[in-house]
*Asks:* 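Before I ask anything, here is the structure I am working with.
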Amino acid sequence: MTIVPHSLESRSGSFIDNMRLPVHRWFRFSAGFSAQWVESLLSEHAPLNDKVVLDPFAGSGTTLLASDVVSVRSIGVEAHPFLVKIARAKLWWWISVEEFLDAAFKVLNTAKQLLKTGQERESYPDLIMRTISLQNLSKLDALKKAWETHHDLSPSSHLVWLAITSIIRQSSFSGTAQWQYVLPKKRKKTVLDPLEAYMRQIEMMSQDMRQMQFLVNGTSKAILYHSDARSFPEVRTNSVHIVVTSPPYANNFDYADALRLEMSFWGEVRSWGELHEAVRKYLIVSSSQHASREKLILDQLLSSELLNPIKGEISEVCKRLAEERLRHGGRKHYHTMIAAYFIDMARVWRELRRVCSTPCDLYFVIGDSAPYGVYVPVHRWLKKLALSSGFDIAEYRKLRDRNVKWKNRKHRVPLQEGILHIKG
Ligand SMILES: C[S@@+](CC[C@H](N)C(=O)[O-])C[C@H]1O[C@@H](n2cnc3c(N)ncnc32)[C@H](O)[C@@H]1O
């Protein structure tokens, strides 16, 4: 059954299209996926009135907002504290636009006053000092202080917080890597003035709120928990009917680092080192930094009964990675990263089996990986782990090839992205 239009499905793994969609575009999170694909997938499951949708890796909230658009109840789980704040703010799209504008202009006027009186700027972490000009930093600092003065825990305050958060990168002169990393040495051409960027953002947000309120009746039907996809007791047993998600890939992308600029600005971390305690240690192990900081031991990981369905294959791959590591200067901990990743994902399947009703449909957008050029058949192993957790059917559909066009690719192993559809 392929009712989802092919063009939408083939773009399901991409966030780019969301930058044209109301509310989704309030914060650019490149690790997100296509909202229109989610909407179209959910519409296939109509009638939706009694159904509950879950995204156990909610990120910036794409599935939850798409669920709001098609008027279905949804639940999100996200472990990154800063992403939880971003997604929660977006879910306030339904509040009074006037209230939001009022709060936004109060902050702007106070910021202008602070700039006039030349109030002293607070001290910022090194990353901020190296990536934002002093002139722009003074303006961002004034907006931050003004926000702190008026913040009253109201939904409008959260939206204003998001408006300021969204303009930090636009006001910085440093470039950003393919996904989200900030590259202090790479200069970009367009740097916006923070006060102008703030005005633009406020205008865009208020327009989007009006548009969403016109499209969707009532309030958001989404609940987002700051919790862990491996165990989220907040969600009742047998209460979920559809899961649409994209887990971290086992490809060394560091979600903790992805929002370091924004977290550093708000004083939530002062250095790269602090990211582990503040964020990374709560996430699925999907980067070598994570595996090395946790000092994981391969034999211990491989003895986990959670890996039983793939034991032989994964042991061989991890041992090859352990050997390969000795041939590379960086000595990356991919061997323990891969073992720990699949233990974590086995826990996720177990928890999903608990919360999902029978029947249920689960859609995972996933990509495979090849650290040090050693191929890891992610979709095949995730399929086996899902079936051994008690789900009945697992089908994988390839959507697109990856690693075919990067000029500086580190290996030539063909990779792909696809959708794993599980039924239970
Ligand atoms: C591929 S992204 C999902 C992006 C999301 N679809 C969106 O549109 O923004 C994977 C997400 O999983 C989150 N994550 C990692 N470990 C987690 C865990 N143990 N529990 C819940 N979320 C986790 C990451 O912080 C990241 O936001």
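Start at 1 and go down the list; that is how both ligands and their atoms are numbered. Hydrogens, waters and symmetry mates are skipped; everything else that's a heavy atom, side chains included, is used.
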*Asks:* Please check this pair: side chain of Asp344 against backbone of Val285, looking for a donor-acceptor N/O pair closer than 3.5 Å.
*Replies:*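 Flag set: sc Asp344 to bb Val285 pair under 3.5 Å.
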*Asks:* Determine, using heavy atoms of Ala35 and all atoms of ligand 1, whether some pair is separated by less than 4.0 Å.
*Replies:*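 Outside the 4.0 Å threshold, so no.
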*Asks:* Return yes if some donor-acceptor pair links the side-chain N/O of Gln213 with the main-chain N/O of Trp93 below 3.5 Å, else return no.
*Replies:*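 Checked: pair present.
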*Asks:* Which of the numbered atoms in ligand 1 are under 4.0 angstrom from any heavy atom belonging to Thr62?
*Replies:*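 Selected atoms, number and element: 7 (C), 8 (O), 9 (O).
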*Asks:* I'd like to know if the side chain of Tyr198 and the backbone of Ala104 have a donor-acceptor N/O pair within less than 3.5 Å.
*Replies:*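 Pair found, side chain donor or acceptor close to backbone of Ala104.
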*Asks:* Need the ligand 1 atom indices (1-based, order shown) with element for anything under 4.0 Å from a heavy-atom of His80.
*Replies:*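 That gives atoms 25 (O) of ligand 1.
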*Asks:* Does Ser60 reach ligand 1 with a nitrogen or oxygen that is under 3.5 Å from one of the ligand's nitrogen or oxygen atoms?
*Replies:*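 Min N/O separation from ligand 1 is below 3.5 Å for Ser60.
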*Asks:* With a 4.0 Å cut-off on heavy atoms, is Tyr282 touching ligand 1?
*Replies:*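 For ligand 1, residue contact (heavy atoms, under 4.0 Å) with Tyr282 is present.
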*Asks:* Tell me which one of Ser286, Ala87, Ala58, Ser231 gets a heavy atom nearest to atom 5 (C) of ligand 1.
*Replies:*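 Minimum heavy-atom distance to atom 5 (C) of ligand 1 goes to Ala58.
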*Asks:* I need the atoms of ligand 1 closer than 4.0 Å to a non-hydrogen atom of Ser246, numbered in the order shown.
*Replies:*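 Near Ser246, the atoms of ligand 1 are 1 (C), 2 (S), 3 (C), 10 (C).
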*Asks:* Heavy-atom contacts with Phe29 under 4.0 Å: which atoms of ligand 1 show up? List them by number with element.
*Replies:*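 Result: 4 (C), 9 (O).
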*Asks:* Would you mind checking if Arg28 and Glu262 are paired as a salt bridge, meaning a charged N to carboxylate O distance below 4.0 Å?
*Replies:*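 Arg28 and Glu262: not salt-bridged.
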*Asks:* Could you list which atoms of ligand 1 come closer than 4.0 Å to a heavy atom of Asp228?
*Replies:*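 This gives 18 (C), 19 (N), 20 (N) as the contact atoms.
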*Asks:* Heavy-atom distance to atom 27 (O) of ligand 1: which of Glu78, Glu351, Arg347, His226 wins?
*Replies:*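 It is Glu78 that holds the nearest heavy atom.
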*Asks:* Test your reading of the structure: does Pro247 have an N or O sitting under 3.5 Å from an N or O of ligand 1?
*Replies:*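 It does not: no N or O of Pro247 is found under 3.5 Å from an N or O of ligand 1.
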*Asks:* Geometry only, no angles: is Ala79 polar-contacting ligand 1 at N/O separations under 3.5 Å?
*Replies:*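 Min N/O separation from ligand 1 is below 3.5 Å for Ala79.
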